[in-house]
Amino acid sequence: MKNFQIVGKRQEKQEARLKAMGRLKYTGDLYVPNMLHCKILRSPYANAVVKSVDKSEALNVPGVVDIITYDDVPKILSMHQYLHVPEIMYKDSYLLERHVRHVGDRVAAVAAETVEAAEAALEKIKVEYEVLPSALDFESTLAPEAPVIHEEALKGDNPVNIRGNVFDTVDITIGDVEKAFDEADLVLTKHFRTSKPNPAPLERTAVLCVPDGNGHVDVWATSQGIHAMRMNIAYSLGLPVSKITCHRVFLGGAFGAHIQTGFIENICAFLALRTGSPVKAEKTREEMFLSCGRHPMLLDLKAGFTKEGKIIALHADVTDDTGSYAFSGSSKMMLAAGFTLSMYKCPNLRMSGRAVYTNTPPLTAMRGAGNPQATWAMESLMDEAAERLGIEPIEFRKMNILSVGDKFYGQGPAVISTIRSNGTLPLLEKGAAAIGWEKRGRGSGRVPYPDKPWIKRGIGLARGFHTSGCGSEKPNKFIIDVSGAIVKMNEDGTATILNSAADCGSGNMSVYCSMVAEIVGLRYEDVHIKDGDTDCTIFDGATHASRGVYGAGQPVAKCAADIRGQIIEWGARVFGCGLEEIDIKDSRIYLVADPSVSRSVGEVMLKGISSGWGNVCATSTIRPQACPPHFTVIFAEVDVDTITGKVDIVRVVAGADAGTIMNLNNVEGQIVGGVHMGAGYALMEDTVFDKKSGRPLNAQFGDYKILTSMDMPPVEVITEETWEPTGPLGAKGVGEGVTNPVAPAIANAIYDACGVRIPDLPCTPEKILKALWAKEA
C-alpha cells in the first residue's frame with residue numbers, strides 16, 4: 001500500500017453542498033422557453049394488436065401541437081443499450097408499437113404546451129384493439145400452446161429464429177462433467193426461483209430535447225451513459241450520431257433504471273425534430289415500474305462434492321425472463337450462468353440456459369446484472385452442502401474459493417479475466433469475529449427473549465463478488481468497455497477534468513478529482529470536473545458493472561500522470577534545475593533539497609503560458625484489460641417469529657475488498673446501500689401482476705414495499721484493503737458486489753434459526769410458515 005495524501009480520506013463530494021441547499025440541477029429541474037410536454041398513451045392490455053387509432057378529437061384539445069402513432073415513426077427495429085458489441089445486440093422494438101406486448105406498452109405520444117393539455121389529449125384518443133392471449137410467467141410462456149410474443153427480431157443485422165418465445169440459448173461444457181458427477185460422494189440438485197424487484201430510484205426518468213432548427217438536437221436526460229444514449233437515439237431515428245448531442249446530468253440514483261433508453265428519450269427527440277420545438281417528458285412512478293426491474297430467473301443447480309468437501313462438478317441451468325423486449329441488449333441468462341460458475345474453483349463445469357419473452361414490462365440490469373440471482377442460488381446450495389458434509393461453513397468456502405491467479409467469467413463466457421487481488425479470507429475472519437459466529441443455532445436457533453420462546457434467532461453467512469467493469473484480457477466480441485478522459489491545467493494552477501462517465505450519486509466524479517489531485521500533487525479543492533457532453537468528451541461506456549472508478553478512472557489517472565510530468569518540466573525551467581530536483585505537493589512546486597524554496601503551480605502555469613511554452617493538457621483512452629472482482633462477505637443475524645413467519649434483521653456485518661479505498665465515505669455508503677437493497681430482495685421486494693390481465697398491482701410506493709430507514713438493522717462495515725495491480729492507484733469497484741450475497745446470508749440465517757430453507761425469493765412470512773408446517777408434518 002502507498003501512503004496517499006488525498007486518496008483514502010473522507011473527502012466531501014464536490015456537489016454535496018449544492019445538493020444540501022437544493023441547488024443541484026437534475027433533468028427534472030430543467031426548463032427552456034416554449035418547450036412542449038410529452039405524454040405517452042399506454043396499452044391497457046398485456047398482448048394486443050392495435051387495429052386503428054383515431055386522434056382527431058385529441059388534436060382539437062387546446063394546446064395540443066402533435067400526436068404520433070406507429071404510422072408516423074421510423075420503421076427501425078431498435079436496441080436500447082449500446083453496451084454490447086453491435087453484432088450481438090437484440091433489436092425488437094419500434095418507438096411506438098402496432099403490436100403491444102405488455103400493459104403499459106406504447107401506443108401513441110402527445111406533444112402539448114402544458115402537461116395538463118397532453119394528459120387531456122390522451123383521454124380523447126380512441127384506440128381499437130384486438131386482444132390476444134398473453135403469457136405472464138415462465139410456465140405459460142414455455143407451454144406448447146403459448147402465444148407468440150414476437151414475430152420478428154434482429155441479432156445485430158441478422159433475423160432471430162424465435163421458437164417458443166425463446167430468443168437466446170447457451171450450452172458450454174468444460175471438463176468431463178458427467179464423469180465427475182458419477183465419482184462424487186455427494187450430489188446436490190436444487191431448484192431456485194427469484195423475484196422481480198424494481199430499482200426504484202428516487203429520481204424518475206426525465207428527458208429534455210432541444211432542436212436547433214438545422215436537424216440537430218441537444219438532449220439532457222437521466223442516463224448512465226450519454227455516449228451510449230446518443231448511439232441508441234440516433235440508431236432508432238435513422239440519424240448520424242453527429243446530429244445528436246447528449247449532456248451529462250447528475251442522477252438521483254439509478255441502480256440500472258437509467259442504463260438503457262426507455263423509449264421516452266427517443267420519442268422526445270423525434271417529436272422535437274418533427275415540431276421544431278423543445279420537448280420534455282418525465283415518467284410517472286407507475287411508468288417507472290413499467291420500464292425496468294431485475295430479471296426473474298429459474299436456476300437449477302447440480303453440484304458434486306468429495307467427502308472432504310471439494311467441488312468437482314457443477315452444472316448451472318438458467319431460465320431468464322427478460323420481459324416483453326430485450327431491453328438489456330443481450331440476455332442476462334449467460335451472465336447469471338457465468339457468475340454461478342465463477343463463485344468457486346471447480347474443474348468440471350457446464351452452463352446451459354435460455355432467455356424467454358413474457359407479456360410483462362421490459363427489464364434491465366438492476367444492480368448486479370444476473371449476479372444477485374446467481375449468488376442467491378449458489379450460496380444457498382453451498383450452505384446446505386456444508387451441512388450435509390458436516391463441514392464448518394466458513395472452512396467449506398475457504399477450501400473451494402478462487403484464489404489469485406485463477407481465471408473466472410467476468411461477464412458471461414466471453415469475458416475471461418484473472419484474479420490478481422483477493423481479500424476474502426481476512427474478510428471472513430473479521431466478519432465471523434464481529435458477528436459472534438460461534439453462537440450459531442445450527443438449525444434449531446437460539447431464544448433471544450425468554451418470555452417469547454417462539455421467536456428463534458439465527459446467524460447466516462454468504463460471500464460473493466462482482467466485476468469491476470467488463471474488461472477482458474483479450475478483446476471480446478460480447479461487451480464494450482472503453483473509457484476516455486481529458487485533463488487540462490488552467491492559468492491559476494487548477495485542473496479541469498473533461499469526461500463523460502455518469503455519477504449515479506455514488507461519488508465517482510469526486511473520486512476522479514481525488515485521483516488527479518493525488519497523482520499531480522494538487523490540493524483536492526484545486527481539481528474540478530465539468531458536466532460534459534458527447535461533443536467535448538471522449539467515448540466512455542455506461543456507468544454499470546461497478547466500472548465507474550476502475551474503468552473510467554484509468555484514463556483519468558493516465559492523464560494525471562502525463563500532466564504531472566509536464567508540470568515538472570515547466571517547473572524545472574522556472575527553477576533552472578533538473579527534473580529530479582523538484583516535486584509537487586499541495587499545489588506547490590518545491591526543491592527537494594530545500595522545500596522552503598517553492599512556487600505555486602499557478603505561478604508556473606502563468607509563466608509557461610506567457611512565455612509561449614504551450615499548454616499543459618493530456619488525453620487518454622483505455623480499454624481495461626481485466627475486470628477484477630471486488631469480493632464481499634455478509635453475516636446476518638435474524639429473528640424468526642415461528643407463529644407469524646415474520647423475519648426481523650437484528651444486525652448485519654458487511655465487508656468488502658475494493659482494492660485501494662479512494663474515498664471512505666463513498667465506500668461505506670455503497671456497502672450500507674447494498675445491504676439495504678439486498679435485504680429488500682431477500683424479504684419483500686417483488687413487482688406483482690394480475691395473473692389474468694397482466695396489470696401491475698403494486699406499481700407505486702404505497703403498495704411496493706421497501707425497507708425504510710426505520711426498518712434498517714445496524715450495519716457494521718468492515719473493509720480489507722488490497723492492491724489491484726490493474727486498477728488506477730490500486731483501486732477496484734464496490735457498487736454492486738455487496739448486494740449479491742445479502743439475500744442468501746439472510747436465508748441461511750433463517751435456516752439457522754428455525755431449520756427451514758426457502759428456495760424462492762422473496763422469503764415472505766407465508767413461505768416460511770408453509771415450510772415450518774411441512775417440517776412439523
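Computed from a prediction, not measured in an experiment: that's the story for all the values here.
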**Study point:** side chain to side chain donor-acceptor pair (under 3.5 Å) involving Ser421 - partner list, sequence neighbours excluded
**Key:** Glu724, Lys732
Point to revise | Side chain to side chain, Asn666 and Leu664, heavy atoms closer than 4.5 Å | key: no
Study note, to complete from the structure: In short, salt bridge (Lys or Arg N to Asp or Glu O under 4.0 Å) pairs touching residues 372-381 with sequence neighbours left out are Glu379-Arg397
**Study point:** Within residues 545-559 or reaching into it, pairs that qualify as salt bridge (Lys or Arg N to Asp or Glu O under 4.0 Å) - sequence neighbours excluded
**Key:** Asp481-Arg547, Asp540-Arg547, Lys558-Asp562
Exercise for review: Please name all residues satisfying ring-ring contact (aromatic ring centres under 6.0 Å, His included) with Phe305, sequence neighbours left out, ordered by chain then number.
Suggested key: Phe396
Point to revise | Residues which pass ring-ring contact (aromatic ring centres under 6.0 Å, His included) with Tyr344, listed by chain and number, not counting sequence neighbours | key: none
Pairing residues for [X] by the side chain to side chain contact (heavy atoms under 4.5 Å, CB included) criterion, not counting sequence neighbours:
X      : answer
Ala626 : Ser417, Arg420, Tyr550, Pro628, Thr726
Thr739 : Arg294, Arg367, Met677
Ala432 : Ile394, Trp437, Phe635
Ala336 : Met297, Val318

Check your understanding: Is there a donor-acceptor pair closer than 3.5 Å between any side-chain N or O of Arg446 and the backbone N or O of Lys439?
Key -> yes
**Study point:** Donor-acceptor under 3.5 Å (His630 side chain, Gly737 main chain)
**Key:** yes
Review point. Does a salt bridge link Lys9 with Glu518, judged by any charged N lying under 4.0 Å from a carboxylate O?
Key: no
Review point. Less than 4.0 Å between a side-chain N and a carboxylate O, is that true for Asp406 and Lys345?
Key: yes
Donor-acceptor pairs under 3.5 angstrom involving side-chain atoms of residues 423-430: please list them, not counting sequence neighbours.
| unit_1 | atom_1 | unit_2 | atom_2 | d |
| --- | --- | --- | --- | --- |
| Thr424 | OG1 | Asn422 | OD1 | 2.6 |
| Lys430 | NZ | Thr719 | O | 2.9 |
| Lys430 | NZ | Glu720 | OE1 | 2.8 |

Check your understanding: Who pairs with Asp639 by salt bridge (charged side-chain N to carboxylate O under 4.0 Å, His left out), at least two apart in sequence or on another chain?
Key -> Arg457
Exercise for review: Using salt bridge (charged side-chain N to carboxylate O under 4.0 Å, His left out) as the criterion, list what pairs up with Arg623, not counting sequence neighbours.
Suggested key: none
Point to revise | side-chain hydrogen bond (donor to acceptor under 3.5 Å, both in side chains) evaluation trace for Glu736 with Ser546 | key: CA-CA 6 Å; Glu736 290 166 294; Ser546 301; 2.9 Å; yes
